[in-house]
Protein chains: 2
Amino acid sequence: MVDEKKNATIYDVAAAVGVSLATVSRVVNGSDNVRPATRDKVLAAIKDLGYRPNAVARGLASKKTTTVGVVMPDMTNLFYSELTRGIDDVANMYQYDVLLTNTDDDPKRALTAVKNLADKQIDGLIFMGSQLSDEVLSAIQATGVPVVLAGSVDHGRVLPSVNIDYQKAFFEVSQHFLKKGQERLALVLGSKDRAIDVDYRRAGYEEALQTSGQILDESLIFTGARSYQDGQEMAAGVIAAKASAVVAYDDEVALGVLNGLQDRGVNVPEEVEIVSANNTTFTLVARPELSSIDQPKYDIGAVAMRMLTKLMDHENLSEKQVLLPYTMVKRNSTK
Amino acid sequence: MVDEKKNATIYDVAAAVGVSLATVSRVVNGSDNVRPATRDKVLAAIKDLGYRPNAVARGLASKKTTTVGVVMPDMTNLFYSELTRGIDDVANMYQYDVLLTNTDDDPKRALTAVKNLADKQIDGLIFMGSQLSDEVLSAIQATGVPVVLAGSVDHGRVLPSVNIDYQKAFFEVSQHFLKKGQERLALVLGSKDRAIDVDYRRAGYEEALQTSGQILDESLIFTGARSYQDGQEMAAGVIAAKASAVVAYDDEVALGVLNGLQDRGVNVPEEVEIVSANNTTFTLVARPELSSIDQPKYDIGAVAMRMLTKLMDHENLSEKQVLLPYTMVKRNSTK
DNA sequence: TTGAAAGCGCTAACAC
DNA sequence: GTGTTAGCGCTTTCAA
């Protein structure tokens, strides 16, 4: 007999069975200190009344909301949405809900987002973005909740994070080209000053240059491209710089460069080779298909979320800065 | 002097100023029944103590969480992530936070998601997905909170929704081809039984067929393609069916068909013309670029969220079933 | 204009 | 095992 009054409370259940709140609370929370017979009666009443615990009240009383905040640049960017997909799946697995905020990679919006999320009493936070301003960093620390960075790094490396070894990956790709005799290797980055671009990607590129005894030519470094269109326009600059190979940090941008080059009559890979870095679907739809570094995007998010659950459970992390393996996928945009 | 004890409560503020909780609550909530001098003192103390209201406590007391639930199939699908971007931006504008859940378009997961969101006492819900099972529908109604469908329809059309006129759009595209003399027009859908596919897209296609006196040929209707890969494989079927034009419901799928066709030596648009329907970046990166119906994706989300805010404020909706305008974008995948 | 007091629905000692 | 009793931090009558 499903009676299902709407919004039954724990009081209703207690009254129906003739026990106290505490007992109902115990069975709801799976405490073992309840006589089986009592438990069954309570369970029956719960089902009968359609009782579902009010998470808000629970959150107030227990100081746990089973909700995590996720701060990300832009969910329409495939790289970030795949990371977030990994986060979301693991969060669900551990019974957490996700409060999502887009920041467009703007530190001001990130700051508001973090504070706002803190007001909602989140149990933990995942932060993504190509930059983490000091202000945002201290706001995060002020919340007092555990945090994990996913696909992001802070200059000081004080926060736990999950990434691939960007420096090594960019070193390898660059070196690969240099060894094959490329003398005009261009590098396309999102910014000229952010940690992930400067400390890692560019550092790897420069290291390769040094290893092979080449001189850094600033005219071969392109920054500020964020979208497919940006990449397409940048192709003109790539041609002007007489680049013979391009390493790009983002798939949409790389695809823009590829199409921009071809639309201007440049053959890929014959005249210019291109390698991208995220290996999203965009690399597959390109013609020729784009060679790419393959980051385990979903896994970066999933691992980050898993680490966060440990932190929220006050467990120790065996490693604070996790680097996941990456691979190189050879397709037809390179010889 | 910013003192900033951590986690000051409303009590701390009241004590610091020497007023009651009620007064602090009034100034925090912008009630006008506070003497300016008092208000200023309270404000100063709030700033001084770094006081920020605990949203959970507030939610319990006021029965409003300023949080909306968003249920979507998959955030890595550009169509849905752009809708959600519109939702998120408007939600922020109205000071709501977004609890996001991916369902993979699975009714079972949608059901759990809705119930779970209800437990968190959301103030409203936006639902996206190509299907809305009866079970999910009644779970939604059982929550008692306002709902708006975005880019989705329910068979009964009982819920408010925001869409484009899919039937008309598919009618127009189909008729365009038929008028040009195409006799083998293929239709690619996501499913063979869901409302949005059957009642709208396919209905528009069939209507066009009738208008031009053509007989429906089931072998020209393809269903079940969800991804780029699916589309690529489907290309073989398109060739086998001797289709001379294709209308596809999704960009990634359309791009898969396009590349699958070309990889098999079929020229587009000379031998087969293709039109897609979502006009995401995927249509631009294609070679040739894909002609497409252009749905105002961001706006669909934004308008849906705006409608939801009205519903949450107990305002009336002038229109329950909103149809936003669409356009046709001609590119080089059609003659 | 301000304060007192009663909840909101639940958890968590602490008794029994 | 089970009940009692305080809260959690805030909003909201109702009085004053």
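Quick note on labels: first sequence line is chain A, next is B, and so on, each numbered from 1.
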List, with names and distances, any nitrogen or oxygen atoms from the protein found under 3.5 Å away from nitrogen or oxygen atoms belonging to nucleotides 2-5 of chain D.
{"residue": "D:dT2", "atom": "OP1", "partner": "A:R35", "partner atom": "NH2", "Å": "3.0"}
{"residue": "D:dT2", "atom": "OP1", "partner": "A:T38", "partner atom": "OG1", "Å": "2.5"}
{"residue": "D:dT2", "atom": "OP2", "partner": "A:R35", "partner atom": "N", "Å": "2.7"}
{"residue": "D:dT2", "atom": "OP2", "partner": "A:T38", "partner atom": "OG1", "Å": "3.2"}
{"residue": "D:dG3", "atom": "OP2", "partner": "A:S20", "partner atom": "N", "Å": "2.9"}
{"residue": "D:dG3", "atom": "OP2", "partner": "A:S20", "partner atom": "OG", "Å": "3.2"}
{"residue": "D:dG3", "atom": "OP2", "partner": "A:T23", "partner atom": "OG1", "Å": "2.6"}
{"residue": "D:dG3", "atom": "N7", "partner": "A:R26", "partner atom": "NH1", "Å": "3.4"}
{"residue": "D:dG3", "atom": "O6", "partner": "A:R26", "partner atom": "NH2", "Å": "2.4"}

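If you walk DNA chain C from 5' to 3' and mark each nucleotide with an atom closer than 4.0 Å to a heavy atom of chain B, the marks span C:dT1 to C:dG9.
Residue B:R58 places at least one side-chain N or O closer than 4.0 Å to OP1 or OP2 of D:dT11.
Between B:M128 and B:N77, every side-chain heavy-atom pair lies at or beyond the 4.5 Å cut-off. For the pair A:P53/A:I10, no side-chain contact is recorded, criterion being any heavy-atom separation below 4.5 Å from C-beta on. Residues A:Y298 and B:T76 form no side-chain contact, since every pair of their non-hydrogen atoms from C-beta on lies 4.5 Å or further apart.
Under a cut-off of 6.0 angstrom, the local environment of NZ in B:K320 is crowded, with over 12 non-hydrogen atoms contributed by other residues, nucleotides or ligands. The 12-atom threshold is not exceeded at CD of A:E135, counting heavy atoms of other residues, nucleotides or ligands nearer than 6.0 Å.
Side-chain contact check for B:K120 and A:T67: at least one donor-acceptor pair (N or O, by modelled atom type) lies under 3.5 Å. Side-chain contact, B:T112 with B:R109: no donor N or O sits under 3.5 Å from an acceptor N or O.
Atom CG of A:L99 sits about 10.5 Å away from atom CG of A:L125, to the nearest 0.5 Å.
Look at A:D74 and A:R226 and you find no salt bridge, because none of the NZ, NE, NH1 or NH2 atoms lies under 4.0 Å from a carboxylate O. Look at B:D89 and B:R85 and you find a salt bridge, because one of the NZ, NE, NH1 or NH2 atoms lies within 4.0 Å of a carboxylate O, short of that distance.
Rotation axes derived from the C1' atoms of the five outermost pairs at either end of the helix from C:dT1-D:dA16 to C:dC16-D:dG1 lie 30° apart, to the nearest 10°.
Nearest-nucleotide positions on DNA chain C for A:N54 and B:Y11 put B:Y11 closer to the 5' end.
Checking side-chain atoms of A:D123 against main-chain N and O of A:V68 turns up no donor-acceptor pair under 3.5 Å.
Spacing between atom CG of A:L60 and atom C1' of D:dG7 amounts to 10 Å, rounded to whole angstrom units. When the P atom of D:dG9 is taken as reference, atom NZ of A:K120 falls 18 Å away, rounded to whole Å.
Looking at heavy-atom distances under 4.0 Å, B:T9 makes contact with sugar-phosphate atoms alone, never a base.
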